[in-house]
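Atoms within a ligand are numbered from 1 in the order they appear, just like the ligands themselves.
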Amino acid sequence: MRKKVIAGNWKMNLNLSDSIKLVSQIKNGLSENDNVDVIVCPPFTSLETVYTLVKDSPVKLGAQNVHFEKSGAFTGEISTEMLKSVGCEYAIVGHSERRTIFNESDETINKKNKAVLTDGLKLIFCVGETLDEREKGITQKVIETQIKGGLAGINENDLKNIIIAYEPVWAIGTGKTASPEQAQEIHKFIRSLIEKLYSASASNDLVIQYGGSVKPNNAVELLSQEDIDGALVGGACLDSASFLEIIKAAY
Ligand code: PGA
């Protein structure tokens, strides 16, 4: 049985005091449950403080981005070591906003994925097609290219520290969710691709999250699909009641 994982991607939202407020509400609203892991991914500026609030709780900490170099003249960037030093356990890599707004290629994402895993963090690796790609009927091809590119040179041993998040770009922040059937189809495809690239047991153990307008009113249906093992939540994770309801939907 794969454990469900619900992660909140706060994106570029919430200053320090609002971060403290949100994470305190999440922490206080959680009921004990061993079947679900909860991860919050605040902006860099709130990581350290949020860590002090969650470190004795079941809530885990993740970063929204990371650079692949260890240190040096990379103005504005943050390394894996820096993330670990403030209590981060996870890093999100390959989010469609990074791919499109910040021009991150599969090659860059691959370097980041490798740095995250080599340096002992866990990875939330995002993939997803645009509306144009879906309408052209090339969704699976796009996902396959992103996965092969992002995981190039990464061996099976590291897969246990990887979550793949399937996030159709057309569903992110748009209020349009993939139907549970559309999402399940691609999750199943990703699992079979991992079996082909690695092994049946690696594919069976892999946690695959869905992301893209996950809300309390669609979470139960999405999370009840066979190959959907969790959610990467954007907009709805900024409201503690909504995020807690999504977490409950995974129980
Ligand atoms: P959304 O974002 O829930 O606001 O659609 C999801 C994401 O970008 O991870």
Next on the checklist: With respect to Gly235, determine whether any N or O atom, backbone or side chain, lies less than 3.5 Å from an N or O atom of ligand 1.
Outcome noted: yes
- Task: Before accepting this row, confirm whether a basic side-chain N of the pair Lys11/Glu97 lies closer than 4.0 Å to the acidic partner's carboxylate O.
- Result: yes
The protein heavy atom nearest to atom 3 (O) of ligand 1 is Gly234 N, 2.9 Å
The answer for which part of Ile172 has a heavy atom under 4.0 Å from ligand 1 is both
side-chain hydrogen bond (donor to acceptor under 3.5 Å, both in side chains), that's the test. Do Glu129 and Tyr166 meet it? Break it down for me. CA-CA 9 Å; Glu129 83 287 1; Tyr166 168 57; 2.9 Å; yes
For Asp106, is there an ion pair with Arg99 - N to carboxylate O distance below 4.0 angstrom? yes
Hey, are Thr130 and Glu133 close enough side-chain-wise for a donor-acceptor pair under 3.5 Å?
-> yes
Check: Ser105/Thr108 side-chain N/O donor and acceptor closer than 3.5 Å: yes
task = Look at ligand 1 and say whether Gly212 reaches it with a heavy atom at a distance under 4.0 Å.
result = yes
Logged contact type for Ala171 with ligand 1, heavy-atom cut-off 4.0 Å, is backbone
Q) Is Val233 close to ligand 1, meaning an N/O of one under 3.5 Å from an N/O of the other? A) no
Original post:
Given the rule that I, L, V, M, F, W and Y join up when any side-chain heavy atoms are under 4.5 Å apart, are Trp170 and Ile143 in one cluster?
Top reply: no
Under 4.0 Å from one or more heavy atoms of Ser213, ligand 1 contributes atoms 1 (P), 3 (O), 5 (O)
Within 4.0 Å of some non-hydrogen atom of Glu167, the atoms of ligand 1 are 6 (C), 7 (C), 8 (O), 9 (O)
Quick note on ligand 1: atoms under 4.0 Å from a heavy atom of His95 include exactly 7 (C), 8 (O), 9 (O)
| request: Check if Lys215 has a non-hydrogen atom at a distance under 4.0 Å from any atom of ligand 1. | output: no
task = For the residue pair Ile162 and Ile124, establish whether any side-chain heavy-atom pair is separated by less than 4.5 Å.
result = no
Query raised in the report: At the 4.0 Å heavy-atom cut-off, does Gly173 count as touching ligand 1?
Result: yes
